[in-house]
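See structure below.
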Amino acid sequence: MAVSLTAAKSSLAGLPATLSAIGPGLLVSTVIAVAAKFLSEHYGAPAMLMALLLGIAFHFLAEDGKCVAGIAFTSRTVLRAGVALLGARISVELLIGLGPELIGLVIAGVILTILFGLLGSRLLGRGWRFALLTGGSVAICGASAAMAIAAVLPKNEQSERNLIFTVLGVTVLSTVAMIAYPIITNTLGLDDVAAGVFLGGTIHDVAQVVGAGFSVSEQTGETATVVKLIRVTMLAPVVLVFSLAIRSFAAADPQDGGKRPPLMPSFVVMFLILAGINSFGLVPEMVRTALGDLSAWALLISIAAVGMKTSLKTIFEVGGQAIILIVAETLFIAGFILYGITHFIG
């Protein structure tokens, strides 16, 4: 008992020093996120994109000085907390309401897009890490998925650069899709429900899905949002599968000093717990909304920190093959969902 109390006192004594170390970097990341949110609300630019670009502009803070530790903490721990809190938006009732055919189409689109990314990456001479990162982010929920997947991928010298490129790529492509896809649904003569399935099943980021859907009609917007949340539901299973596969690979390849990744990342466990609690109706609407807002802010703050950790020069080193791959993955999932709507759902 005395040992436990001594350990507790020691931990509390070290808390001020820890806060002092991470405080400046966390504060700077938060200020950048607030500025990005302001620009998003007043000028219509995607908040994630603004946070990323503003973060890159302050890259010098991550190289040396008081902010380094806090930026590293924010880009890792705050990021994982934001992903975990996404689970509060998911429920079994949400899944059941869409029907088995539509759920099957969305799940198939996620899986096949990731497999397409692996194949395309191999043909273009890119690594499997980059394939999983881009394929997963395109297939699931854009920047949020990219950050969650990056958290379980083995790190190398290109990790930060590839994450920044992927977040930037899916955000830009989501913005383009938000404008172009409603025009496509109108040209093809899709009804409100079919248009909502297409928009929710193909556009990368949730905010752009909402914007595109409600620009067509209220029914399209509601359908698109629900379909998009089905893709978000796939985040935890996909990250878990990636983690298990990487863990097996790491056991056979001692390149990482024999260190094996955890069986199930803690933020995935929290995501599943929150989704389970929400499925039983134990999370009040007000709390669910608050957790959703907290998740959005955590992800926005963390992407600002990720931006600060990467120089603009490294982004241009990604290469043309990377751009081809992420655009091809985007076109693939759009074509697949559209084919499914016209041949199996509609």
Side-chain angles (χ1 to χ4, degrees), residues 29 32-33 36 45-60 62-63 71-72 74-76 79 82-83 113-114 116-178 203-205 207-208 235 238-239 242 246 299-333:
S29 301
I32 291 175
M48 283 283 190
L49 180 60
M50 291 296 98
L52 182 62
L53 294 177
L54 288 173
I56 292 172
F58 287 90
H59 168 65
F60 65 93
E63 293 182 317
I71 291 171
T74 306
S75 66
R76 180 179 174 86
L79 183 156
V83 173
T113 301
I114 294 171
F116 176 83
L118 284 167
L119 176 61
S121 179
R122 187 177 183 85
L123 294 174
L124 292 169
R126 306 294 304 193
W128 61 270
R129 292 179 180 86
F130 191 73
L132 295 181
L133 186 61
T134 58
S137 61
V138 167
I140 303 172
C141 54
S144 302
M147 292 186 286
I149 293 169
V152 299
L153 290 177
K155 298 294 184 288
N156 60 19
E157 60 273 12
Q158 287 89 34
S159 294
E160 294 290 346
R161 182 196 70 186
N162 289 342
L163 175 58
I164 288 290
F165 169 81
T166 303
V167 171
L168 186 62
V170 294
T171 304
V172 171
L173 289 171
S174 287
T175 304
V176 173
M178 181 178 65
I203 298 177
H204 309 324
D205 288 315
Q208 280 84 343
L235 179 60
V238 168
V239 171
F242 286 178
I246 292 166
L299 292 173
L300 193 62
I301 291 168
S302 61
I303 197 59
V306 170
M308 282 189 282
K309 290 181 67 178
T310 306
S311 68
L312 192 60
K313 179 183 177 182
T314 61
I315 299 175
F316 294 122
E317 295 174 354
V318 175
Q321 300 99 330
I323 298 174
I324 293 172
L325 179 62
I326 199 168
V327 171
E329 290 164 344
T330 299
L331 294 176
F332 174 84
I333 194 171

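The figures that follow rest on heavy atoms only: side chains count, while hydrogens, waters and symmetry mates do not.
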Tell me, please, which residues at least two apart from [X] pass side chain to side chain contact (heavy atoms under 4.5 Å, CB included).
| X | value |
| --- | --- |
| Ile323 | Phe165, Val327 |
| Ser174 | Ile203, His204, Asp205, Gln208 |
| Arg76 | Arg80 |
| Phe332 | Leu112, Thr113, Phe116 |

**Request:** Using side chain to side chain donor-acceptor pair (under 3.5 Å) as the criterion, list what pairs up with Glu63, not counting sequence neighbours.
**Result:** His59

Please name the pair of heavy atoms, one in [X] and one in [Y], separated by the smallest distance, quoted to 0.1 Å.
| X | Y | result |
| --- | --- | --- |
| Thr175 | Pro46 | OG1-CG, 3.2 Å |
| Ser159 | Pro154 | OG-O, 3.9 Å |
| Ala36 | Ala51 | CB-N, 3.4 Å |
| Ser29 | Met308 | OG-CE, 3.2 Å |

Spacing of [atom1] belonging to [X] relative to [atom2] belonging to [Y], to within rounding of 0.5 Å:
| X | Y | atom1 | atom2 | result |
| --- | --- | --- | --- | --- |
| Leu123 | Ile324 | CG | CD1 | 11.5 Å |
| Leu300 | Met50 | CG | CE | 11.0 Å |
| Ile114 | Leu119 | CD1 | CG | 14.0 Å |
| Gln321 | Ile326 | CD | CD1 | 14.0 Å |
| Ile32 | Leu52 | CD1 | CG | 10.5 Å |
| Leu49 | Leu54 | CG | CG | 9.0 Å |

**Request:** Write out all pairs satisfying ring-ring contact (aromatic ring centres under 6.0 Å, His included) with one or both partners inside residues 140-160, taking only residues at least two apart or from two chains.
**Result:** none

Name every donor-acceptor pair, under 3.5 Å, that has one atom in a side chain of residues 135-152 and the other anywhere in the protein, sequence neighbours excluded.
| unit_1 | atom_1 | unit_2 | atom_2 | d |
| --- | --- | --- | --- | --- |
| Ser137 | OG | Leu133 | O | 3.0 |
| Ser137 | OG | Thr134 | O | 2.9 |

**Asked** Has the side chain of Arg129 got a donor or acceptor atom that lies under 3.5 Å from a matching backbone atom of Leu153?
**Response** no

**Any donor-acceptor pair under 3.5 Å from Ser121 side chain to Arg126 backbone** = yes

**Prompt:** Hey, are the side chains of Met48 and Val170 touching, using non-hydrogen atoms and a 4.5 Å cut-off?
**Reply:** no

